[in-house]
Amino acid sequence: MKTYFSGRSAAPLGAALAAALAAALTLTLTACSAGDPVPADDAGSALSHIHGLGLRGDTLYVATHQGIHSPDADGRPGLVGDRRDDFMGFTVTAGGDFLASGHPAPGDDRPSDLGLIASTDAGRTWREKSLAGKVDFHALDTASDATVYGYDSAAGLLRVSADGVTWDDRAALRALDIGVSPTAPDTVLATTETGVVRSTDGGRTFDPVSERVLAYVSWAAPDALFGIDPDGVLFRGTGGGSSWTRVATVPGGAPQALTAVDAGRLLVATQDGVYESRDGGRRFDRRMAVESGGGGH
C-alpha cells in the first residue's frame, strides 16, 4: 500500500471536512462565572465552540472557546476554575489528568499559543508543560504507555512526546482529528478529506485504510472504536479502522466533538447539546444544553 502524508507538505482540507470544521467553530453556548460550576444565566457573557469532552469519575467536562465547563443537575453549563482560555485541544488521561492546548483568554498577557498545559485537579488550576508560544494543538490523545500525540493544525504536523515535555516531529498531514489505539501505542488513526488513514510506526508515516470520511474519531478499547461523520452519523469501526458500520444519527446536527469511554458509553457534542449514550450509540440523552449562534474564529 502506498504511504502518503509523510512529508513536510500537505494539501488543504477538502470540502467535507472543511464544512465540519466550520460547523464546529461557529457554534456558541451560554456561559458562567469562575469558581465552582455556576449557571450560565448568572454570567451575562456568551461562550462559543466545543472542542473536547471528557469524564473524570462520572463528572462531564466540556472544553470550549471560553474555558472548561461542567453541567449542573439541570444540564446548564458552569465554568470550572477561573481560566476562560480557548481550549482547542483537550483530553483526559487514563490517570485522570487533563491535557489541553489553545489560546489564552482576551487580555491575558501569556503567549498566543498555550503549547501543552496540564491540570491534576480536574481543570481548577493549570501548569505549563511545553511549547508555550510555539504550538496550538487542535487534537490531543494519549497512548496506553502515556505517549502524548498532538496534532499541530497550523503546521499541519503530528507531534509526539513520551513525557509531554520533549517532542518529536512526525508526519505532515491535513487532518481534523486523531485517535490512538488503546493497546498499540504506535498505532494512530487520523480523519482526512479522503477518508481514514492509519500509522503503525508512531505517526511517522500514514497509509489509507478506509474511504469513510469522518470528522472525529475516538478509540477507547479494542472493541470501542467510534467515528462520526460531518452530518452527525455515528459509525463503529473494526479492523483497526478499515471497516465502519453505521450505528445511528446523533441528535442535534453537526458534530463538534466525540469521546468514547468504553464500548457502551459515548459522549458527543453537537449543535444543540452534549449527548451521552450508554448502549453503544443506539440511544442518546442530553447531558448539557447548548445554544448555537453565529460567529467563529
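On a predicted model such as this, the values are computed, not experimentally measured, just so you know. Along the sequence shown, the residues carry numbers beginning at 1.
- The minimum heavy-atom distance between Val80 and Ser70, with the atom names listed, is CG2-CB, 3.8 Å.
- Aromatic ring pairs are classed by plane angle as parallel below 30°, tilted from 30° to 60° and perpendicular above 60°; the pair His138 and His103 is perpendicular.
- Here the options are Leu173, Asp141, Leu157, Leu176, the test is side-chain contact (heavy atoms from CB on, under 4.5 Å), and the partner is Tyr151; only Leu173 passes.
- A salt bridge does not link Asp285 with Arg287: none of the charged nitrogens is closer than 4.0 Å to a carboxylate oxygen.
- At a threshold of 4.5 Å between side-chain heavy atoms, the hydrophobic network of Ile, Leu, Val, Met, Phe, Trp and Tyr places Phe235 and Leu189 in one connected group.
- Using a distance-only test at 3.5 Å, with no hydrogens or angles considered, no donor-acceptor pair links the side chain of Thr191 to the main chain of Val196.
- Taking CG of Asp272 as the start and CE of Met288 as the end, the distance is 11.0 Å to the nearest 0.5 Å.
- A centroid separation of 6.0 Å or more is found between the aromatic rings of Trp167 and Tyr149.
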Original post:
Should Thr125 and Asp121 be marked as a side-chain hydrogen bond (donor to acceptor under 3.5 Å, both in side chains) after you check the CA-CA gap, both sets of side-chain angles, and the distance that decides it?
Top reply: CA-CA 7 Å; Thr125 62; Asp121 57 6; 2.6 Å; yes

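- The ring of Phe87 has its center closer than 6.0 angstrom to the ring center of Trp126.
- Atoms CZ and OG1, on Phe284 and Thr249 in that order, are 10.0 Å from each other to the nearest 0.5 Å.
- The backbone N or O of Phe206 sits nowhere less than 3.5 Å from a side-chain atom of Ser199 that would complete a donor-acceptor pair.
- Linking ILVMFWY side-chain heavy atoms closer than 4.5 Å, directly or via other members, places Ile178 and Val160 in a single hydrophobic cluster.
- Inter-residue side-chain proximity for Leu258 and Leu53 is flagged as unmet; no heavy-atom pair is nearer than 4.5 Å.
- No side-chain heavy atom of Ser210 sits less than 4.5 Å from a side-chain heavy atom of Ser242.
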**OP:** Please report the C-alpha distance between Lys129 and Leu99 in whole Å, then the side-chain angles of each, then the deciding distance to 0.1 Å, and finally whether the side chain to side chain contact (heavy atoms under 4.5 Å, CB included) criterion is met.
**Re:** CA-CA 9 Å; Lys129 285 187 70 73; Leu99 298 177; 4.3 Å; yes

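- Val62 has its side chain within reach of Val274: a pair of non-hydrogen atoms, C-beta onward, lies under 4.5 Å apart.
- Shortest non-hydrogen contact noted between Gly232 and Pro255 is N-CD, 3.8 Å.
- Listed for the Ser277 side chain is no donor-acceptor partner under 3.5 Å among the backbone atoms of Leu266.
- Met88 and Leu131 fall into different hydrophobic clusters, where Ile, Leu, Val, Met, Phe, Trp and Tyr side chains are chained together by heavy-atom contacts under 4.5 Å.
- Arg56 places a side-chain N or O within 3.5 Å of a backbone atom of Gly96 that can act as its donor or acceptor partner.
- Ala248 and Gly281 make their closest contact through CB-O, 3.4 Å (heavy atoms, listed as atom of the first residue, atom of the second, distance).
- Of the candidates Thr187, Val217, Val188, Val188 is the only one forming a side-chain contact (heavy atoms from CB on, under 4.5 Å) with Val180.
- Taking 4.5 Å as the limit, every side-chain heavy atom of Asp201 sits out of range of all side-chain heavy atoms of Asp186.
- Although no hydrogens or angles enter the test, the distance criterion places a donor-acceptor pair under 3.5 Å between the side chain of Asp163 and the main chain of Val165.
- In terms of modelled atom types and a separation under 3.5 Å, the side chain of Asp231 and the main chain of Val233 share no donor-acceptor contact.
- Side-chain contact between Thr194 and Glu211: absent, with no pair of heavy atoms (C-beta onward) separated by less than 4.5 Å.
- Across all their heavy atoms, Ser130 and Gly164 have their closest contact at OG-O, 2.6 Å.
- One finds a salt bridge joining Asp85 and Arg110 here, because a Lys/Arg side-chain nitrogen approaches an Asp/Glu carboxylate oxygen to under 4.0 Å.
- Pairing each heavy atom of Ser144 with each of Pro185, the nearest pair is OG-CG, 3.5 Å.
- A salt bridge links Asp58 with Arg265: at least one charged nitrogen is closer than 4.0 Å to a carboxylate oxygen.
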Original post:
For Tyr275 and Thr270, what are the C-alpha separation, side-chain angles and deciding distance, and is it a side chain to side chain contact (heavy atoms under 4.5 Å, CB included)?
Top reply: CA-CA 8 Å; Tyr275 289 86; Thr270 63; 3.4 Å; yes

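- Classification of the His49-His65 ring pair by plane angle, with boundaries at 30° and 60°, yields tilted.
- There is a path of hydrophobic side-chain contacts, each under 4.5 Å, that joins Val92 to Ile117.
- With rounding to the nearest 0.5 Å, the separation of CG in Leu158 from CZ in Phe137 is 8.5 Å.
- Between the side chain of Arg246 and the backbone N or O of Arg236, no donor-acceptor pair lies under 3.5 Å.
- With respect to the salt-bridge test (charged N to carboxylate O, under 4.0 angstrom), the residues Asp72 and Arg76 qualify.
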Original post:
Given Leu79 and Ile68, is the side chain to side chain contact (heavy atoms under 4.5 Å, CB included) satisfied, shown in steps?
Top reply: CA-CA 6 Å; Leu79 185 68; Ile68 303 292; 5.8 Å; no

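- In this structure, Leu114 is a member of the same hydrophobic cluster as Tyr61, with clusters built from ILVMFWY side-chain heavy atoms closer than 4.5 Å.
- To the nearest 0.5 Å, the span separating CG on Asp177 from CG on Leu140 amounts to 10.0 Å.
- Under the 4.5 Å side-chain criterion, counting only non-hydrogen atoms from C-beta, Asp86 is in contact with His51.
- With contacts defined as side-chain heavy-atom distances shorter than 4.5 Å, the pair Leu55/Leu267 qualifies.
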Original post:
Going through the checks in order, is the side chain to side chain contact (heavy atoms under 4.5 Å, CB included) test met by Asp229 and Leu214?
Top reply: CA-CA 4 Å; Asp229 76 7; Leu214 300 172; 4.2 Å; yes

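- Residues that satisfy the side-chain hydrogen bond (donor to acceptor under 3.5 Å, both in side chains) test with Thr259, not counting sequence neighbours, are absent from this structure.
- Of the possible donor and acceptor atoms, one in the side chain of Gln256 sits under 3.5 Å from a partner among the backbone N and O of Ile50.
- The CD atom of Glu276 sits 11.0 Å away from the CZ atom of Arg283 when rounded to the nearest 0.5 Å.
- Summarising the geometry of Ala289 relative to Pro77, their closest heavy-atom pair is O-CD, 4.2 Å, with the distance given to 0.1 Å.
- With hydrogens and angles disregarded, no donor-acceptor distance shorter than 3.5 Å links the side chain of Asp152 to the backbone of Gly156.
- Phe90 and Phe98 have their aromatic ring centers within a separation under 6.0 angstrom.
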